[in-house]
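These notes are about the structure you will find just below.
Protein chains get the first letters and strands the later ones, always in sequence-line order, with residue 1 at the start of each. Computed from heavy atoms alone, side chains included, the values below leave out hydrogens, waters and symmetry copies.
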Amino acid sequence: MKPTQDIVAELSWRGLIHQMTDPEELPRLLREQSVTLYAGFDPTADSLHVGHLVALMTLRRFQQAGHRPVVLVGGATGMIGDPSGKSQERNLLSREQLRHNVEAIREQLARFVDFDCGPLSAVLVNNYDWMKDFTYLDFLRDVGKFFPVNVMLAKESVKARLESEAGISYTEFSYMLLQAYDFVHLYDEHGCLLQIGGSDQWGNITAGIDLARRMRSVQLYGLTCPLLTKADGTKMGKTEQGALWLSPQRTSPYRFYQYWINVDDADAGRCLRFFSQLPREEIEALDRSREQEPQKRASQKQLAEELTRLVHGPEGLQRAQRATEIFFGREIDQVSQEELEEIFADVPHAQLPRQLLEEGLPVVDALVRSGLCRSKSEARRLLAQGGAYVNNRRVAEAEALLTPEHLVTSSSLVLRAGRKKYAVLQFE
RNA sequence: GGGGGGUUUCCCGAGCGGUCAAAGGGGCCAGACUGUAAAUCUGGUGGCUUAUGCCUUCGCAGGUUCGAAUCCUGCACCCCCCA
C-alpha cells in the first residue's frame, strides 16, 4: 500500500522535524510504502496536556498521509518515571492512580487518530500488558545484556541528572530500557518501524533502535519534533493555573479557547504550522494578515477554533464562543438560568442568602464574598480604580448596594473584577 | 574554638529612638492606550465599621524607655575572616 502524501515534506515545511535517524533512507521509505509507526504517552495524570499536542498532531498527520499509527499508553513506563527533561526524581504513582489515568487518556487519544478506518486504523496498546509478566531476571538477561552502561551514561537525560544535585535513582535510570524494549515489541507484534516523539525523547528512541539492531538485526527509525516554545523562550501551554489540559474537567473549553485566542503574534505562525490542518497557502495568507491587519487576529481565531473543535468537539467550541461573546461583550441583560450556568460554568460561584439582597448588599461585601477580593480594603480599592463591574456595567461608588433589581436571572447576578475575572453570585 | 556581618512587609533592598504600615526596585492588581497582543503611561499594593481613628507586622523570647524595626540580654538560623 502506498502513502497518499509525502509526509516528510509536509512535516518539514511545518517545522515539525527536529531530528531523524537516517535522513536519506527514512524519507524514501515513507514515500514508498505505508509504514506502521508509534508514539508513547505516559499516564502521569488523568489527562493529556498541550505539551502532548505536538506529538499527537504529528501522529494524526502520519495517519492522514497514509501510515498506520500505534498509540502506546505507558502503563508500565508510567510506573517508573522518565528522567528525560526532568531535573528532579519524581514520586511514584500508585497502581490505582495509574489505572485510572490510562483509562482517561485512552479516551482522549481517540480524538486525534482514527481507530476505525480500515487497514490504516490506529491501534492502541499498553506496555503494561507485555511488561507485567516479564520477570526481573528474564528482563536483565534478555534485554539488559544489550545495554552498555557507558552508552547509557552518555545519554543527555541521564547525564543532566548525574551532574545535578538531585542525582538519579536506579529506577529512573532503567527507564530507557523499558521504552527501548517497547519499540522492539511493537516491531515484533505490529511491524512497527518508526517511533516519533518530542525532542526530549531522542535518547529513548535511539536506545530502542540500537536494541532492535542487536536483538533482531533490524533497522528501525526515529523522528523527533521540536519542543513548542514561545518567542520569549518559555514553554507554551502554561497558564497561571498550571498546564493547559485537554480534559474539560481540568481546563474548561472556554479557557482552552481563550488560551489560543491570546497567543502572541510572534508565536501564532508556529502554532498554526504545528497544530492547524490548513494547507500551506492558507497559513501563509494568515501570516500576511498578521502583518497587515493584526487587529483582526485572524490567526488566533483560526487556531482557537480548530483546536477547540478538535479537542472539545463542535459543542465545546460553540460554548466557548458563546461565553466569549458574553464575557467580552456589553452589559448582561436577562438570560435564562440555564444559559448563565452554561456560560459561566467554570467561573467561581458563591451562594448567599436572598435576604442579604433584599436588604441591600454592599458591593464591597459582594466582591469579598464572591472571592474576587481578599479583603474589603482590596474591594474598595478596586471600586475606586474603576475595576469593579456588576453584570458587566462598571460600578464606581464605594457605597453602592446590590438589590434584587440587579438580578439577571431569577436568582443570580454576575460580578467582574478587572478585565477578565468573573464570579457568579446566587441568592437563595 | 576566636572575631565580624546579617535575619525588614510577596521578592530584593533602605531604614536618624518618636513625624514608620516602614524609601526604592521587582512582582502583582487596577486604569488609560490597543487587537481580549506587546510596549508605554497613571494609580494601587497589611487589616478593620474609611477613620487628622484603631489593630497586626520588621527572625524568636524577654528587657530599657513616656515611646523601639531602630538600644540591651538570651535563643535560633545564615554569611564572612582567623585557627
Euclidean distance for P, B:G15 against B:U70 (whole angstrom): 14 Å
A:Q355 atom CD, neighbour heavy-atom count above 12 within 6.0 Å: no
Below 3.5 Å, can you tabulate the donor-acceptor pairs from side chains in residues 117-126 of chain A to any protein atom, sequence neighbours excluded?
| unit_1 | atom_1 | unit_2 | atom_2 | d |
| --- | --- | --- | --- | --- |
| A:S121 | OG | A:C117 | N | 2.6 |
| A:S121 | OG | A:G118 | N | 3.2 |
| A:S121 | OG | A:G118 | O | 2.8 |
| A:N126 | OD1 | A:G75 | N | 3.0 |
| A:N126 | OD1 | A:Y128 | N | 2.9 |

Over 12 foreign heavy atoms within 6.0 Å of CD, A:E24: no
Partner set under ring-ring contact (aromatic ring centres under 6.0 Å, His included) for A:Y257, not counting sequence neighbours: none
Same-atom distance (P) from B:U57 to B:U52, integer angstrom: 24 Å
Selection: residues 367-379 of chain A, any non-hydrogen atom under 4.0 Å of RNA chain B: A:S375, A:K376, A:S377
Sugar-phosphate only, base, or nothing, as touched by A:Y389 at under 4.0 Å among non-hydrogen atoms: sugar-phosphate
Sugar-phosphate, base or nothing in reach of A:K421, heavy atoms under 4.0 Å: sugar-phosphate
All ring-ring contact (aromatic ring centres under 6.0 Å, His included) counterparts of A:F173, not counting sequence neighbours: none
B:A22 versus B:C55 - spacing of their P atoms, nearest Å: 16 Å
Any strand: nucleotide that pairs with B:A51 via Watson-Crick or wobble, under 3.5 Å: none
A:N150 atom CG: more than 12 heavy-atom contacts under 6.0 Å: yes
Separation between the C1' atoms of B:G31 and B:C79, rounded to whole Å: 44 Å
B:G1: pairing nucleotide in any strand, Watson-Crick or G-U under 3.5 angstrom: B:C82
Spacing of the P atoms in B:C75 and B:C80 (rounded, Å): 23 Å
Ring centres under 6.0 angstrom apart (A:W260, A:F275): yes
Aromatic plane relationship, A:F344 with A:F327 - under 30° parallel, 30 to 60° tilted, over 60° perpendicular: parallel
Distance, P atom - from B:U36 to B:A32, rounded to whole angstrom: 13 Å
Pair A:Y389 + A:Y422: ring centers closer than 6.0 Å: no
Within residues 394-403 of chain A, residues whose heavy atoms come under 4.0 Å of RNA chain B: A:R394
Pairwise C1' distance for B:C78 and B:A23, with rounding to whole Å: 26 Å
Touch class at under 4.0 angstrom, heavy-atom based, for A:R381 against every strand present: sugar-phosphate
Approximate separation, where rounding is to 0.5 Å, of A:N204 CG and A:T224 OG1: 11.5 Å
Any strand: nucleotide that pairs with B:U42 via Watson-Crick or wobble, under 3.5 Å: B:A30
Along RNA chain B, first and last positions that approach a heavy atom of chain A under 4.0 Å: B:C29 to B:U50
Complement of B:G74, any strand, by Watson-Crick or G-U distances under 3.5 angstrom: B:C60
Sugar-phosphate only, base, or nothing, as touched by A:L382 at under 4.0 Å among non-hydrogen atoms: sugar-phosphate
Reference residue A:Q300; test side-chain hydrogen bond (donor to acceptor under 3.5 Å, both in side chains); the match among A:D265, A:N262, A:D264: A:D265
Ion pair check, A:R28 and A:E25, cut-off under 4.0 Å: yes
Span that lies between the P atom of B:A68 and that of B:G13, in whole angstrom: 27 Å
